[in-house]
Amino acid sequence: MSWFTSKKKKDKINLPKDMSPLESVTHLCALIQMADGRVEFEEKQSWSNLIEKLFPDFLEDRANNFLTDAFKIINDKQDFERDNYTLSVIERIKVVLDEYQLKLLSDEISELIKSDGIIMTKEIEIAKVIERELDLKIDLDED
């Protein structure tokens, strides 16, 4: 009896192991953006630039939905859960991005972290995790 049930599926948010490349990068950027407790306009703009460079054929609505979902998920997590979530997202990124994309990601993450003009301790910690786990260099020099 399907008269009383909705056929419309509720949008589900993927676990990191099931994320698309766009989704996993967006979640990583959201983790960085939320590291200092607030998300600035410049950080959102930096994320948008990163997505445009990394995925030229992306759909803007889809990317924005992923960002909104990421903010919801991350906001509900305690610090230790965020750390584990960060590692899970990075593990997925290892699988879905190629070497060229990873290099581009490292350059753009540097810009994202510096975009609001203040580099917070938690952002530096996330950068170090990204460097270690993805074998990348995140340049945080402010010159």
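Keep in mind that what you see is a predicted model, and the values were worked out from it rather than measured. Only heavy atoms go into these numbers, but all of them, side chains included; no hydrogens, no water, no symmetry mates.
- Residue pairs meeting the salt bridge (charged side-chain N to carboxylate O under 4.0 Å, His left out) criterion with at least one partner in residues 78-95, sequence neighbours excluded, are D83-K122, E91-K94, K94-E133.
- Between the NZ atom of K114 and the CG atom of D116 there is a distance of 12.0 Å, given to the nearest 0.5 Å.
- Interatomic distance, M34 CE to F71 CZ, rounded to the nearest 0.5 Å: 6.5 Å.
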Show the atom names and distances, to 0.1 Å, of all donor-acceptor pairs under 3.5 Å that link a side chain in residues 100-110 to residues at least two apart or in another chain.
| from | atom 1 | to | atom 2 | distance (Å) |
| --- | --- | --- | --- | --- |
| Q101 | OE1 | D98 | N | 2.9 |
| K103 | NZ | D107 | OD1 | 2.9 |
| K103 | NZ | D107 | OD2 | 3.2 |
| S106 | OG | K103 | O | 2.8 |
| E108 | OE2 | K53 | NZ | 3.0 |
| S110 | OG | S106 | O | 3.0 |
| S110 | OG | D139 | N | 2.9 |
| S110 | OG | D139 | O | 3.2 |

Report task. May I have the step-by-step check of side chain to side chain contact (heavy atoms under 4.5 Å, CB included) for V96 and S20, ending in yes or no? Result -> CA-CA 7 Å; V96 296; S20 69; over 6 Å; no

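- In the hydrophobic clustering of ILVMFWY residues, with side-chain heavy atoms under 4.5 Å counting as a link, I13 and L15 come out apart.
- When the side chain to side chain donor-acceptor pair (under 3.5 Å) test is applied to Q45, the partners found at least two apart in sequence or on another chain are N49.
- Taking OG of S46 as the reference point, atom CZ of F41 lies at 11.0 Å (rounded to 0.5 Å).
- Checked against side chain to side chain contact (heavy atoms under 4.5 Å, CB included), K128 has the following partners two or more places apart in sequence or in another chain: I124, E131.
- Put simply, the side chain of I130 reaches to within 4.5 Å of the side chain of I32, judged on heavy atoms.
- Here D18 pairs with nothing under the salt bridge (charged side-chain N to carboxylate O under 4.0 Å, His left out) rule; sequence neighbours left out.
- In this structure, CG in N84 is found 12.5 Å from CD in Q78, a value given to the nearest 0.5 Å.
- Looking at heavy atoms from C-beta onward, E123 lies out of side-chain contact with L140 at the 4.5 angstrom threshold.
- Residues E125 and T121 form a side-chain contact, since some pair of their non-hydrogen atoms from C-beta on lies under 4.5 Å apart.
- Remark: D135 CG is loosely packed, at most 12 non-hydrogen atoms of other residues, nucleotides or ligands lying under 6.0 Å away.
- Between the side chain of N64 and the backbone N or O of E60, at least one donor-acceptor pair lies under 3.5 Å.
- Applying the side chain to side chain contact (heavy atoms under 4.5 Å, CB included) criterion to P16, with sequence neighbours excluded, gives M19, Y85, S88, V89.
- Rounding to the nearest 0.5 Å gives a distance of 7.0 Å between OG1 of T86 and CG of L28.
- For the atom pair I126 CD1 and M120 CE, the distance stands at 11.5 Å (nearest 0.5 Å).
- In terms of heavy atoms, D69 sits closest to H27 at C-CE1, 4.5 Å.
- Considering only residues two or more places apart in sequence or on other chains, T26 meets the side chain to side chain contact (heavy atoms under 4.5 Å, CB included) condition with L22, W47, I51, F66, L67.
- Each salt bridge (charged side-chain N to carboxylate O under 4.0 Å, His left out) pair with one or both residues in residues 23-50, not counting sequence neighbours, appears once here: R38-E40.
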